[in-house]
Number of protein chains: 2
Amino acid sequence: MKSIIRILKENDIAPSMQRIKILEYLKNYKTHPTADMIYQALADEMPTLSKTTVYNTLKTFTEKGILMALSLFGNEIRYEYNTQPHIHFQCIKCDKIYDLYNSFDHYNNDLIDGHKITEYHINLKGVCKSCLEKVGD
Amino acid sequence: MKSIIRILKENDIAPSMQRIKILEYLKNYKTHPTADMIYQALADEMPTLSKTTVYNTLKTFTEKGILMALSLFGNEIRYEYNTQPHIHFQCIKCDKIYDLYNSFDHYNNDLIDGHKITEYHINLKGVCKSCLEKVGD
DNA sequence: TTCCAAATTTGTAATTGTTACAAATGAGTA
DNA sequence: TACTCATTTGTAACAATTACAAATTTGGAA
Ligand SMILES: [Mn+2]
Ligand SMILES: [Mn+2]
Ligand SMILES: [Zn+2]
Ligand SMILES: [Zn+2]
């Protein structure tokens with residue numbers, strides 16, 4: 001298990017206390033927290049922590065590819081350390097977010113790992129056919 | 001093709017001018033606009049239109065099931081009239097949002113309808129296994 | 001070690017997207 | 001016409017995020 005500091009150094013990020021604690025939190029608690037949740041969780045331990053630092057750090061980590069930024073359902077951004085591609089399932093009763101590693105066929109599945117699916121959103125990103133043709137070949 | 005007014009009446013919504021124009025816009029322009037985009041588009045024609053009315057109306061329509069509210073990638077909510085289940089693809093070059101009706105297997109596909117996929121988010125919603133068991137059977 | 005430039009953090013203000021709320025307006029009805 | 005209820009409007013509040021400049025910290029050069 002790579003140490004937090006080593007992960008930061010490998011990505012050319014100076015391992016400040018703030019950065020270490022934020023990455024450590026995301027490695028330990030795989031709850032897909034928002035920036036504010038991370039801030040609230042660390043504020044006790046680090047009373048001078050600024051919310052701007054949390055935002056700055058999350059931006060840096062995301063740009064370096066250490067974190068993934070997610071728009072799940074609401075209008076706030078969630079973050080996670082997990083890098084393997086996977087699916088997200090959020091329960092409408094308990095709000096918990098599950099990571100799923102199954103295949104999902106939106107024309108068939110209505111049950112996955114025992115969870116009942118009532119709604120799905122498949123959002124893809126990339127270069128569209130038209131833009132691909134414009135570039136040349 | 002159902003008239004706008006008829007759609008509203010069928011859903012027990014009084015067909016005010018504002019509601020007609022907003023639904024008409026969403027039926028005509030399938031660009032998945034935000035509340036602000038709709039407001040900007042209609043403001044010329046309806047100089048007294050309030051942004052609150054746009055938000056209120058979108059909320060009413062969504063609750064009645066006439067519209068679908070979407071969290072695609074950013075932190076703003078997009079709306080669409082299209083009711084059939086489908087997939088969204090946004091181009092990182094031209095920002096256009098495409099509706100796709102294919103199947104998508106995140107373990108295989110990297111090309112769909114000629115669009116090159118570089119990132120995907122599959123977000124499911126429902127009742128988790130644990131909450132299903134709590135209720136009884 | 002001491003000093004300093006560069007990096008990092010901080011606090012505050014600004015911006016954006018959205019909701020709350022009460023007053024104004026409008027439509028339908030007696 | 002007058003009344004009532006629905007709808008719209010404008011403003012303020014709120015939440016998430018970003019901009020920015022001042023303060024602090026840091027890692028070397030002297
Ligand atoms: Mn995840
Ligand atoms: Mn669509
Ligand atoms: Zn649950
Ligand atoms: Zn494109």
Side-chain angles (χ1 to χ4, degrees), chain A residues 4-5 7-9 11-25 31-64 66-80 95, chain B residues 4-5 7-9 11-25 31-64 66-80 95:
Chain A
I4 303 292
I5 292 173
I7 296 172
L8 292 173
K9 283 183 176 166
N11 285 278
D12 297 313
I13 300 169
S16 71
M17 186 53 67
Q18 290 82 347
R19 287 167 173 169
I20 292 168
K21 290 291 180 189
I22 290 170
L23 185 52
E24 190 176 54
Y25 184 84
T31 54
H32 309 80
T34 62
D36 190 64
M37 289 171 187
I38 296 168
Y39 172 76
Q40 297 301 336
L42 299 180
D44 283 340
E45 219 187 328
M46 312 176 73
T48 66
L49 179 65
S50 166
K51 202 176 274 190
T52 299
T53 299
V54 176
Y55 276 105
N56 288 341
T57 303
L58 292 171
K59 191 176 182 220
T60 303
F61 288 178
T62 303
E63 283 168 358
K64 294 283 185 174
I66 299 176
L67 297 183
M68 184 65 121
L70 307 173
S71 294
L72 292 186
F73 303 102
N75 48 355
E76 87 283 80
I77 300 171
R78 290 170 177 273
Y79 295 86
E80 71 175 336
D95 284 339
Chain B
I4 303 293
I5 292 172
I7 296 171
L8 291 174
K9 283 183 177 167
N11 286 278
D12 298 312
I13 300 170
S16 71
M17 186 53 66
Q18 289 82 346
R19 287 165 172 171
I20 292 168
K21 290 292 180 188
I22 290 170
L23 185 51
E24 188 176 55
Y25 184 83
T31 54
H32 309 80
T34 62
D36 189 64
M37 289 172 187
I38 297 168
Y39 172 76
Q40 297 300 336
L42 299 180
D44 284 340
E45 218 187 327
M46 312 177 72
T48 67
L49 179 65
S50 165
K51 202 177 276 191
T52 299
T53 298
V54 176
Y55 276 105
N56 288 341
T57 303
L58 292 172
K59 193 177 181 220
T60 303
F61 289 178
T62 304
E63 282 168 358
K64 294 284 186 176
I66 299 176
L67 297 182
M68 184 65 124
L70 307 171
S71 293
L72 292 185
F73 303 104
N75 47 355
E76 85 283 82
I77 300 171
R78 290 170 176 274
Y79 295 87
E80 71 175 334
D95 284 338

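In what follows, every chain begins at residue 1, and chains take the letters A, B, ... in the order their sequences are listed. Keep in mind that this is a model prediction, so the values were computed, not measured. What's counted below: heavy atoms across the whole structure, side chains too, no hydrogens, waters or symmetry copies.
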(Q) I need the minimum non-hydrogen distance between F61(A) and R19(A), along with the two atoms involved. (A) CZ-O, 3.7 Å

Q. Considering only heavy atoms, which members of residues 31-41 of chain B lie under 4.0 Å from some atom of DNA chain C?
A. none

Q | Interatomic distance, L58(B) atom CG to I38(B) atom CD1 [nearest 0.5 angstrom] | A | 4.5 Å

Q: Kindly say whether L49(B) contributes a backbone atom to a donor-acceptor pair with the side chain of T53(B) at under 3.5 angstrom?
A: no

Q.
Quick check for you: to the nearest 0.5 Å, what is the distance between I4(B) atom CD1 and I66(B) atom CD1?
A. 9.5 Å

**Q.** Rounded distance [0.5 Å steps], CD1 in I77(A) versus CG in D36(A)
**A.** 13.0 Å

Q | Least distance between heavy atoms, P33(A) atom then Y25(A) atom | A | CG-CE2, 4.0 Å

Q: Let me know the distance between NZ of K51(A) and P of dC14(D), rounded to the nearest Å.
A: 15 Å

Protein-nucleotides 3-10 of chain C N/O pairs closer than 3.5 Å?
residue: dT8(C); atom: OP1; partner: R19(A); partner atom: NH1; Å: 2.8
residue: dT9(C); atom: OP1; partner: S16(A); partner atom: OG; Å: 2.2
residue: dT9(C); atom: OP1; partner: Q18(A); partner atom: OE1; Å: 3.3
residue: dT9(C); atom: O3'; partner: Q18(A); partner atom: NE2; Å: 3.0
residue: dT10(C); atom: OP1; partner: Q18(A); partner atom: NE2; Å: 3.3
residue: dT10(C); atom: OP1; partner: T48(A); partner atom: O; Å: 3.1
residue: dT10(C); atom: OP1; partner: T48(A); partner atom: OG1; Å: 3.2
residue: dT10(C); atom: OP2; partner: S50(A); partner atom: N; Å: 3.2
residue: dT10(C); atom: OP2; partner: T53(A); partner atom: OG1; Å: 2.7
residue: dT10(C); atom: O5'; partner: T48(A); partner atom: O; Å: 3.3

Q) In whole Å, what is the span from the NZ atom of K59(B) to the P atom of dT19(C)? A) 7 Å

Q. In whole angstrom, what separates N11(B)'s CG from dA6(D)'s P?
A. 18 Å

Q: Please report, rounded to the nearest Å, how far the P atom of dA15(D) is from the CD1 atom of I77(B).
A: 15 Å

Q: Taking all heavy atoms of R78(B) and all of H32(B), pick out the closest pair and write down the distance.
A: NH1-O, 2.8 Å

Q: Figure out the CG/P separation between N75(B) and dG17(C), and round it to whole Å.
A: 8 Å

Q: Measure from NZ on K21(B) to P on dT8(D) and round the result to the nearest Å.
A: 14 Å

Q: Heavy atoms only: give me the nearest G74(A)-S71(B) pair and the separation to one decimal.
A: O-OG, 3.0 Å

Q) Roughly how many Å is it from OH in Y55(B) to P in dA13(D), rounded to a whole number? A) 18 Å

